[in-house]
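The structure under discussion appears below in the form of structure tokens.
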Amino acid sequence: MNCHLKRLTFQTVKLQSTALALVACWMVTSVATADDKAPEKVTFDDHVKPLLVQRCSSCHNGQKREGDLDVTNYTNLMQGGGSGTVIEPQDASGSYLYQLITHEETPEMPPSGTKIPNPEIQLIAKWIDLGALENSGSVAAKAKPKFDMSMSANPTAKPEVTPMPLRISLEPIIKTPRPSVHAIATSPWAPITAISSPQQILLYNTQNLNLAGVLPFEEGVAHSLRFSRNGQLLLAGGGRDGASGKTVLFNVLTGERITTIGDELESVLASDISPDHSLVAMGGPNKLVKILSTTDGSPIAEMKKHTDWVTALEFSPDGKFLASGDRNGGIHVWEADTGNEAFTLKAHSKSISGVSWRADSQILSSASEDGSIRLWELTEGKQIKSWTAHGTGVTGVEFHRDGIISSCGRDKVAKTWDQNGKLIRQFAGLTDVAVAVSHCDESNRVLASDWTGKLTIWNAVDGAAIGQLASNPPTLTERLAASQKNLTAANQKHAPLAKVLAETKVSLNGMLGSLEQAKQAQVQTQTKLAKMETTFSTAKTQFESAAATASSLQTELAQKSGAKPLIKESLDKANAALALLPEDVDLKTSVTSLNAKLQQLDARINELNGLVAKANEATNAMKAQMELAANNVNGTKTEMQNVIAEVTKLKVDVETTQKKVDVGSKITAAAMADVQQATQQVNYWNSNLSFVAEMKAIQAEILSVDTDIAAKKTAADAANTKLSEAQKTADDAMRQKKEAEAKAQALKEKLSKLRQTL
Amino acid sequence: MKHYYQISIRTLAALCVASTISLSFQGTGFAEDDKKPTANTPSGVEPVAQPLIPVVKNATPVKLEVFPSDILLSNLRDRQSIVAQMVYSNGITVDVTDLVKSQIGSGAIVKQEEATFHPVADGETTVKFSIENFNIELPVKVANAASNPPLSFTNDVMPVFSKSGCNAGSCHGAARGKDGFRLSLYGFDPKGDYHRLTREMLGRRVDLAVPQDCLLINKAVGAVPHSGGELFKPGTEYYNTLLNWLEAGASFDEGKVQKVVGIELYPKNAVLNGPDSKQRLTVRAKYEDGSDRDVTSLAYFSTNNDNSALVSQDGWVTAKNRGEAFVMCRFDTHTVGTDVIVLPKDVEFTWKDIPENNYIDQRINEKLRNLRIQPSELCSDVEFIRRASLDICGIVPTPERVNQFVADAAPDKRAKYIDEMLARKEFVEMWVMKWSELLQIRSTRQVSYKATLLYYDWLKSKIANNVPVNQMVRELLGSQGGTFTVPATNYYQNEQDNLKVAENVAQVFLGMRIQCAQCHNHPFDRWTMDDYYGFVAFFSQVARKASEDPREQIVFNRGSGETKHPVTGQNMKPKFLGGIEPETKSKDRRAVVADWIASADNPYFAKNLSNIVWAHFLGKGIVDEVDDVRVSNPAVNPQLLDELGTKFKEYDYDFKKLVRDICNSRTYQLSTKTNVTNESDLTNFSHASLRRIRAEVLLDVISQITETKNKFRGLPLGSRAVQIADGNTTDYFLTTFGRAKRESVCSCEVIMDPSLSQALHLLNGSTVNTKIKQGKLIERLVAEEKTHDQILNEIYQRCFSRLPTEKERTAIQQEISTQENKTQALEDILWALLNSREFVFNH
């Protein structure tokens, strides 16, 4: 069981490469069938059985049958083991046995860990590729186009790898003057939507709204788009209205066409691929529902019960049923693999515009131009719910993975509903009758388009419109030209900004220099001022001390001058007294002392007068000096103020300019970012252009190589034929030689016998 | 110059009679041009040759006509094609469009490409057309020469569908469409068509992304398989219209769509000289805002007689065999036609004057003169007496009366005989029968046998008392009450579906089949769905309730109830067909419509009834079928029909007087023998036509001749088949000979065509042989000991009113002489006579 599941996972992941190989494979096989007239036969009995017996039969024999596989018997081997068939005739790489012995798959065989010798593997591969013949009498089955789409794992489960497109050409096939959207589909497991417009299908990323790929549909218009349940395949059904119809299967990852199924005389209006990828169903104006095999396009069933154009169909997610609706309001549910009718669902009175299954296959929703959406259960085929969704006609319906239903209608609105028919949200903004609706489960966004080709995408949660997708995107050259124009514009915007910024920066630097100088000047002036003030203060001190000296001298002078009369009076009095008392010694002494004193006083007064004059002179000088100093101080102060003003001004200037620089830098940086973005865009579109060119070149090369391979194979086959003819000739010659030798021998013996008879 | 002078004199003379358009002659108007000498003047030095008027043998050109009478161009795309027609002294017309020289007064206003004028700049000017010395000047007015208005879906795109036949009944116009796509029949529902074309099948029929490659275009040009084939090629006007409309966004008309109020088809008539003569047509549509448009390329052309005139879809008439055709064009809901007469090339014809008894002969002979047909001679007295007796009274004259009539030398003996017939009760019975058919008097589930009889008696009393028909119609349509007490109410019992009642009223009293317009605008007539439902609205308030007698119903006016238009869903106001919307508030709408129908102003009523009477006597209506009046089925002699209608009104709707006029006309009394000119004429009453005697009369006449009696339900033994009241009462003979079942009002119910089963019934059926045996006429005559010759005369006169010819007599005598049983032989001869075509036909 374990190995079984693993194998399936492997297949799912490998699908992409399988698909890639397909085209080449077809070519080779078709050439081979045409020219392999006498291929070398590798048979089970002659070549493979001995090998398998030797290498594998110890476990996988008729008795032991490990893994329920017996390799010793052709029939048993072809029946396969517990995990299904192990040999896919004509497809070695697709055969389980081959995958195990090459250790591409587990459990590796033989289990010892060592592969069997390479030539033996090659022999087995050759045997399988040539049809896995039993014996020399077996004839290889007719080679058929081979695309093994079998998927038996739960197809509705989330794949391990998100099926996002790899790099696909973004070059539109045509660019129409107006948009038109005929169908919308969303991948169940990736944020990818496919929309169809004439001659092409566009893949868009529903998250960033970027174009993710353009798939050519030269058949005309795809009226129906369906992702496979695992999201890896996209089925487009359509054609040229009134003339031809087809379905085309694309690999979502590579964008390559895998196969084309159906050949109708009218456009396919509805189509779907079964969850296991084995069947494609389609319907259209011929009123038929057809089920075809994806393997070779062969018809499986054809249902003729619809009375009008088939307008809608969908396989149930479990693959059991196929529901189809017609323009008359009729719905039939068929058994998917037989086409036998299971139910007829009658209720709608007008054209069915869509049928969609709930993810668990238990409920089918149907939408009709009669305005209603109806839900049906599929055990008895009974209607369980019906509501008027868009009064003037519902034009599309889809069940979300989580059971919510989205719809769109002629009322120009898309809506989401719960399963009771309760409106959850309306999505407005369409300008005409809505044409198609889909809900991207991965991004939880609703997409709907209208008759004018406008396709809007909304957030399903709040109904906010997120953007629009163009069904007529510009060509790569146009995109490149536009991005180049953007780049030029960005550059043009950026260049002057940068220039101005640089200039501003230069002037800022200048200003900063000036400011520095001014600041130094301020300091110097400050110093000078201090000096001046010191000088002034010294002068002032000196002046004050000189003034004080003068003042004290004047005071003394005034005292002395004031004392002189008193002394003179005393002297006079003493003289008088002496005169009276000439001999009075005391008196005499007094007069003498007084005389001395008076003389002393006069002398002092004289001295003081001189001193005062001198002091006054000095004071005046000091005063002048002080005043000069004061002037100097004032002058320097003014100077100082100027310097400060200069500094202040410069500071403001610097600040302003700095701001300018800051803002300019920001703007310039933004402009630069634009430039970079534009450059990126240019590079992006350039790279896309070169990708397309390169891809085309490689594809052309592949084609030519394939042609070459085919030619070489033809040559080799021819040579082989010649070789085998030559071998045959050689063999014949050898046989004849042997016969001749034998004859010679016989004759010799006869002669010898004859001799003995004598 | 002398040559021209002569022509001018002749021209002037002719113009005094015919011209309606002013002509400029030499020396007047555009003098410079005219004074230039032409190529065939003696001087012969004319560098620019004037175009020459085509020569028509034995005739001179008298008048140049150029249509239309003015050129009005109102936008960049507008254009006007003209048709120039030269009228000759003998009535022949020749298309000279390619020959006339045109001179545009101011070249900056319009430019000319072939016969079509295109705008250049706004302004007014004139274009002068001249050929030799005939000149016509047309005023030209150009407005908005620079404006290129958006294409209109209704007025530009839909006409392409109509022209290409897309919306014809055999194609997408069918009720369920064709191949999954439906258009309204002849485009009666533009909005619906727009929806179906653009949005019904989303993403299929049109795709604005690639308009040149969408289904609509691909189907039309046959790029993809199309049941209708390739309708036009890329690059044609039709293709460009569709493509430009798609490229502009395929929008529906915004705002008011100018309705077409009428279309004009030119020339108004044409008299073509010999097979393969051609005449081009031009069609102009007039819109309600006063603008017009050349729709020659958009109109759908048809002819009612492609044996005489073929018309191509680009508007060229090609003459074929001698005869007349009504060439029609349809555009929008309008159909108009033009009379085309085709004469053998250069036919020589001299009209021989013949007496004209009354206005009927005048009108008939006027037309015959135009057609260059000489009517037949007058029929013989015996032919007349048998014809008049059968037509007026449904009887054959007795041999005695024939002899008396033939012997009568009075010049007005025919008029007297007519009065004699008109006075008989059989005349009344004949017309009661005819009206019974129109009023569908028959017992049904709704109308009991008793009511049927009462209804019949009511009708009989009206006719017997000479109640004017208009009065009778008023009484009938406005009737209220029990079907026993007021028998006329049975009219509303016979048919209880309002739609059918309206249709019957239109068909019986106005001669129109408006049924088509129930579901779509009438394809060959002017009636639209609006007209139809507007007319039905008159009958929307008729109600019925049970009476005490379960066989009786009471018909009354409910006074409420409306008719809805099925497309628009709106209540329709009662509207007269082709007339006004009368005030019907608190009135019985039926009375309003009855008054309108029976009024002297009604344009259809009197003419229709006169035509019914006419058809009875001449075997064919002036409009034929009599209840199929429509534009595309024109009256063969509208003047006569007008005059009959006028007379009928003058006679206060007493059709006895009308019958007298008709029977007294020479036209009625013409022989069935044709001459060279009228042998192919089947429509213009230039000779009497052979008419199979209708079922009831035939049975009555056989009974009269064989002296046997018939028994019909509700009538005494010996009553005449003509007297049968109930449409459901019949017998095998009557049914075989096409007696009307009165299940519908259609004039086609009475089968007048001879058929094999009729011949076989006369030969092998029980009626004739049994009656000969029962009546024992021959036995009686033999018993009266009449000679074989006398008996032969007697039965010949009884059957044919005439005596046997010598050849017949000799042959029969010889035959009788070989027979042993002479009575048997004579009976066989009577049987043979009753089986002869001469007997079964009125001639």
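Convention: sequence-line order gives letters A, B, ...; per-chain numbering from 1. FYI, side chains are in, hydrogens and waters are out, and symmetry mates aren't considered; it's all heavy atoms of this structure.
- The number of heavy atoms from other shown groups lying within 6.0 Å of CD (Glu254(B)) does not exceed 12.
- The shortest side-chain heavy-atom distance between His182(A) and Leu202(B) does not fall under the 4.5 Å cut-off.
- Listed by chain and residue number, nothing satisfies the salt bridge (charged side-chain N to carboxylate O under 4.0 Å, His left out) test with Lys304(A) (two or more places apart in sequence, or in another chain).
- For the pair Leu208(B)/Thr452(A), no side-chain contact is recorded, criterion being any heavy-atom separation below 4.5 Å from C-beta on.
- Trp451(A) contributes a side-chain N or O that, together with a main-chain N or O of Thr198(B), makes up a donor-acceptor pair within less than 3.5 Å.
- Heavy-atom pairs under 4.5 Å with chain B peak, among Pro179(A), Gly242(A), Ala243(A), at Gly242(A).
- Considering every non-hydrogen atom in both Arg410(A) and His195(B), the closest pair reads NH1-CE1, 3.6 Å.
- Options Gln199(A), Glu266(A), Lys175(A) differ in how many heavy-atom pairs under 4.5 Å they form with chain B, and the most are formed by Glu266(A).
- Only the side chain of Leu269(A) comes within contact range of chain B, judged by heavy atoms closer than 4.5 Å.
- The interface of residues 150-180 of chain B with chain A, defined by heavy-atom distances below 4.5 Å, comprises Asp179(B), Gly180(B).
- Closest non-hydrogen pair, Thr176(A) versus Ala209(B), comes out as CB-O, 3.2 Å.
- For chain B, the nearby part of Asp432(A) is the side chain; its heavy atoms alone come within less than 4.5 Å.
- With values rounded to the nearest 0.5 angstrom, Arg199(B) atom CZ is found 9.0 Å from Asp450(A) atom CG.
- A distance of 9.0 Å separates CG in Asp213(B) from CG in Asp241(A), rounded to the nearest 0.5 Å.
- By number of non-hydrogen pairs under 4.5 angstrom with chain A, the leading residue of Lys219(B), Arg204(B), Met201(B) is Arg204(B).
- Take Ala482(A) and apply the side chain to side chain contact (heavy atoms under 4.5 Å, CB included) test, not counting sequence neighbours, and it matches no residue.
- Considering only residues two or more places apart in sequence or on other chains, Asp189(B) meets the salt bridge (charged side-chain N to carboxylate O under 4.0 Å, His left out) condition with Arg196(B).
- Ranked by non-hydrogen atom pairs under 4.5 Å with chain A, the options Asp207(B), Val206(B), Asn218(B) are led by Asp207(B).
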